Every structure is written in C-alpha cells, then in structure tokens.
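Single-structure report; data block below.
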Amino acid sequence: MSSMATTLMRITRHPATRAAVKCAVLCAAAAVGRRLDGPLPSGDTPGGHNRGCSA
C-alpha cells in the first residue's frame, strides 16, 4: 500500500500532471462562464426596438 501512495504522490506532483489539471480546470471554468452568461443579446434594429419585438 505504501508503494501505491508513493506512486500517486509522484504522479500528482509531476509538472505535466499539474499542467493537465490546470488546463482542465480553466476549460471547465470558461464553459461554466459561457453557460452562466447565456446567449448573446441581440442588437437593436434601426427603429430602436430589439429584434423579435413586435411593439
């Protein structure tokens, strides 16, 4: 069991592993940010009303 723990510690401390985890976390954060922002707001039409607005 001790050798397993030592191996896991070496893997988690390896620079490539840290870089991969950092990349995954940043990608996930960006995806969550895009999801929370929602769709992009539509621009105004020349008449001053939002697109899709019948008023």
Side-chain angles (χ1 to χ4, degrees):
M1 190 62 139
S2 177
S3 64
M4 179 65 101
T6 303
T7 302
L8 287 174
M9 287 301 292
R10 286 183 181 167
I11 291 171
T12 57
R13 290 184 178 177
H14 195 278
T17 303
R18 289 184 178 204
V21 169
K22 181 179 178 182
C23 180
V25 168
L26 291 176
C27 288
V32 168
R34 284 191 302 269
R35 185 163 193 152
L36 290 177
D37 288 342
L40 294 176
S42 60
D44 288 339
T45 59
H49 297 297
N50 290 332
R51 287 184 206 148
C53 178
S54 60

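Values in this document were obtained by computation on a predicted structure and should not be read as measured data.
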Minimum-distance pair of heavy atoms, taken over all atoms of T17 and T12: CG2-CA, 4.3 Å
Apart from V21 itself, what residues make up its hydrophobic cluster when side-chain heavy atoms of I, L, V, M, F, W and Y under 4.5 Å apart count as a link, directly or indirectly? V25
Under the side-chain contact (heavy atoms from CB on, under 4.5 Å) rule, collect the residues that match up with L8, sequence neighbours excluded. M4
Return the set of residues passing side-chain contact (heavy atoms from CB on, under 4.5 Å) with R13 (not counting sequence neighbours), or none when no residue passes. M9, R18
